[in-house]
Amino acid sequence: KKALASRIKDTFWAPTTYNFTELISLHHNEVILDKTTLSFELYRVYLKLEGKQAESFDQFYKWGEILLTDFNEIDLYQLDAKEVFKDLKNIHELESWNTEVYTEMQERYLGFWNKLSPLYFAFKEHLEKKGVSYAGATYKAVAEKLQLHGIDKSEFSHVYFCGLNALSPSEISIIKSYQQNLKTELIWDLDNHYANHPVHEAGHFYRALKERHPELTQGKIPSNLDVNDKKITIYQAPSNVAQAKIAAQILHEISPIISYEKCAVVLPDSALLLPVLEDLPSSIEAVNVTMGFPLEKTELFSLLESILKFQENIQKYQTGESAHFHYIPFLRLIKHPILRKLFKEEVDSIDHAIRKGNKVFINHEDIKNMSLYQKHPNLFKKWTTLDSEPIQFILDFLDYLLPLLKQCIAKNEINLHSINVTKEALSKLLPILSAYPYIQNLSTFRKIFKNACSNHQLSFFGEPLSGLQIMGLLETRALDFENLIILSLNENILPRAKHDKSILPYDLKKFHSLPGSKERDAVMANHFFRLIQRAKSVHLVYAPISDGFGAGEKSRFLLQLKEELKQAQIGNRRFKIPLGTKIADNLVVKNELFYTVLEKYLTNKGLSVSALNKFIRCPLDFYYTYIC
């Protein structure tokens, strides 16, 4: 819209813009269900088909989610499900083939693959009766409807499809229907370097489309990657989090030269968002964060996970009503940073009492004076049902935390925002778990809880048309920047690790033209090469070792750039990372008493290897552990 406004100087009505899902919604009325609800609905159908032979929901959920992904792709790629599942059954029959009669276990194993096709069709029929659907089925239905009946009178005189890449057969069919019924154009955002290269993965989908549907790939493709004035600098960071400091130094260096509106910091790993914001130079007055911060990476989410892990321990050990659980998950919970800040003296007192008494299991008497126990005893008792009850306990606990954290808003801004987003996520989950009381195992509840939270993010506010843009990789699609700083150029982050959650083997997917790990890599490659194709100055940062925050191997995209872009100016550079200069406030004065106690310790106990290692790593830790 900004680009159009700069071209058209007069006042005008901005065109209506849709993403593909919004376009689909113009042609169908069915509600698309979320994945959690679909898992429960699939289980309902499975129960009807299997009867008394059915597995529990806890067993079913492990493979039911994977099955939903495959159902979605089968429909999106307009395949005959009967043929796909017949081929899958034949593959497993060949694997189990022998000259004798099948054993009982083999019969049960092959029986599972025989049931998939009936389950697919029964599930589709079940959803149709309820007037609901899932994404793949909706895309397929709309594609077939438009192919048969065309498009009714449209309010649009002209339609443009822009920035396309990995199109499924359903999407291709929908675009063709628009071409046949309305004045339609396709605008591709590509570069000749990879689009017409015979094997370059970034142009994989375009070349496949050009071969099968040449009418969709008209127009000349520019060459912006193979130019002399493109400058690419590669930086090696000593650790993953240190990448944020390197980004800050790059921004500080380029600030007098450029306008920040033409600059973007791209974070393929969202975990680096907070470190980057923390280290931004003071000269940057306006920042627009287009990406959200994942709820599951927040401090609050880790606290709720600690509660669920603690509850798992209670389920394991407690039999009666009174509290009875192991001390390790209990201490891990109450010593969580959020609770420790709020109840420091109380937590330290309980910690000291447990260690002094050498307690392995905690009972009601040990925690009866704890304010958290008095306010929320349900967190410390065995949960009898695992449907809506635990969600309600957690929501009550969040309501209890909210006013306590509000006492110091400046320090707890992100935690307060996290509480609001978590409450929103759990409020949506509450009616779902009430409607489907199938969960019997806390580990399954934890997975559903995590899935519900993974779909929510903490939103940041900013002005899209001014200031420095901080974005995730997916948010950069169809946008161009003169200056780019891209962090986390590490394998398994860019491109992502290969986690192919599917019951369909690679050969079967390849035969039916379903996407696999190769296609997912091609999508990531397209995002990366498209992003840098018009940029004049590109700064790429990676961390060669893992420090517990991510993968440590250099991305192969860096090696590709050096090998392919012979005309570009590609160089390496290192920054010195400034170290903190905070003065320790707990220094130990080595007086006469200190030397007397030290000598007594060395004379009576001697110096163990572990004590010596501790002294080398941190003398203060050695002092507190062995001398004090």
Side-chain angles (χ1 to χ4, degrees), residues 33 35-130 133-137 140 168-170 436 438-441 443-444 447-448 451 497-520:
L33 295 179
K35 204 164 185 182
T36 305
T37 309
L38 284 168
S39 294
F40 284 115
E41 289 291 349
L42 183 62
Y43 184 64
R44 271 189 176 170
V45 176
Y46 169 75
L47 280 176
K48 281 182 189 174
L49 292 177
E50 291 297 299
K52 291 179 181 178
Q53 301 294 318
E55 295 179 347
S56 69
F57 180 76
D58 301 285
Q59 293 169 306
F60 171 84
Y61 187 67
K62 293 168 189 172
W63 56 270
E65 266 203 317
I66 297 169
L67 210 55
L68 282 172
T69 305
D70 287 329
F71 285 179
N72 191 69
E73 284 196 340
I74 286 168
D75 284 351
L76 196 59
Y77 280 75
Q78 299 183 333
L79 301 178
D80 182 345
K82 203 175 276 184
E83 286 299 312
V84 174
F85 290 121
K86 183 184 171 186
D87 289 344
L88 182 63
K89 178 178 72 86
N90 290 341
I91 286 168
H92 289 288
E93 278 183 354
L94 284 168
E95 281 178 0
S96 304
W97 180 84
N98 59 33
T99 53
E100 307 296 324
V101 180
Y102 289 130
T103 64
E104 187 187 341
M105 186 174 278
Q106 283 176 316
E107 288 284 0
R108 280 170 57 199
Y109 174 71
L110 294 173
F112 171 80
W113 304 108
N114 285 328
K115 291 168 188 172
L116 294 180
S117 186
L119 181 59
Y120 168 85
F121 289 106
F123 182 54
K124 293 263 285 188
E125 189 183 337
H126 172 76
L127 293 182
E128 278 172 21
K129 283 179 183 174
K130 294 190 81 170
S133 187
Y134 52 90
K140 184 181 180 182
S168 67
S170 292
Y436 307 96
Y438 297 130
I439 303 172
Q440 297 169 348
N441 194 314
S443 63
T444 308
K447 283 178 190 170
I448 290 171
N451 284 349
K498 292 178 175 67
H499 295 305
D500 204 4
K501 288 187 176 180
S502 174
I503 59 165
L504 306 176
Y506 172 77
D507 289 347
L508 185 60
K509 281 193 159 197
K510 194 173 180 184
F511 176 75
H512 287 287
S513 302
L514 284 169
S517 55
K518 181 187 172 185
E519 283 72 26
R520 277 193 292 280

Could you tell me whether F112 atom CZ has more than 12 heavy atoms of other residues or ligands within 6.0 Å of it?
->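 Yes, CZ of F112 has more than 12 neighbouring heavy atoms, counting only those of other groups under 6.0 Å.
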
Residue K86 excluded, over 12 heavy atoms near NZ under 6.0 Å |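 No, because the 6.0 Å sphere around NZ of K86 holds 12 heavy atoms or fewer from other groups.
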
Could you check if a side-chain atom of [X] sits within less than 4.5 angstrom of a side-chain atom of [Y], using non-hydrogen atoms only?
X    : Y    : answer
D75  : K124 : yes
D507 : I91  : no
L38  : L127 : yes
K501 : T69  : no
E41  : Y134 : no

Using a 3.5 Å distance criterion without hydrogens, assess whether the side chain of [X] forms a donor-acceptor pair with backbone atoms of [Y].
X    : Y   : result
S117 : K82 : no
E73  : D70 : no
N441 : D58 : no

Please round to the nearest 0.5 Å and tell me the distance separating atom [atom1] of [X] and atom [atom2] of [Y].
X    : Y    : atom1 : atom2 : value
L116 : F121 : CG    : CZ    : 11.5 Å
N114 : E93  : CG    : CD    : 6.5 Å
K518 : Y506 : NZ    : OH    : 6.5 Å
E65  : T36  : CD    : OG1   : 7.0 Å
Q53  : K115 : CD    : NZ    : 7.0 Å
F71  : I503 : CZ    : CD1   : 7.0 Å

Considering all heavy atoms of both residues, which atom of [X] and which atom of [Y] are nearest to each other, and what is their separation?
X    : Y    : answer
A135 : N72  : C-OD1, 3.7 Å
Q440 : S56  : OE1-CB, 4.0 Å
L42  : G64  : CD2-O, 3.8 Å
V84  : L508 : O-CD2, 4.0 Å
F60  : S39  : CE2-O, 3.8 Å
Y77  : S513 : CD2-O, 3.6 Å

Output all residues satisfying side chain to side chain donor-acceptor pair (under 3.5 Å) with K447, sequence neighbours left out; order by chain, then residue number.
->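 Partners of K447 by the side chain to side chain donor-acceptor pair (under 3.5 Å) criterion come out as none, since no residue qualifies.
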
Any idea how F85 and Y120 line up, ring-wise: parallel (<30°), tilted (30 to 60°), or perpendicular (>60°)?
->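 F85 vs Y120 ring planes: tilted.
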
Between F57 and Y61, how do the two ring planes meet: parallel, tilted or perpendicular, split at 30° and 60°?
->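 Because their plane-to-plane angle lies in the 30° to 60° range, the rings of F57 and Y61 count as tilted.
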
For the pair F123 and L68, evaluate side-chain contact (heavy atoms from CB on, under 4.5 Å) and give the outcome as yes or no after the intermediate values.
-> CA-CA 10 Å; F123 182 54; L68 282 172; 3.8 Å; yes

Apply side-chain contact (heavy atoms from CB on, under 4.5 Å) to the pair D87 and H512, showing each step before the final yes or no.
-> CA-CA 10 Å; D87 289 344; H512 287 287; 2.9 Å; yes

Go through the steps for K129 and E125 under the test salt bridge (Lys or Arg N to Asp or Glu O under 4.0 Å), then give the verdict.
-> CA-CA 6 Å; K129 283 179 183 174; E125 189 183 337; 3.5 Å; yes

Will you find, in the side chains of Y436 and R44, an N or O donor that is under 3.5 Å from an N or O acceptor?
->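 No donor-acceptor contact under 3.5 Å links the two side chains.
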
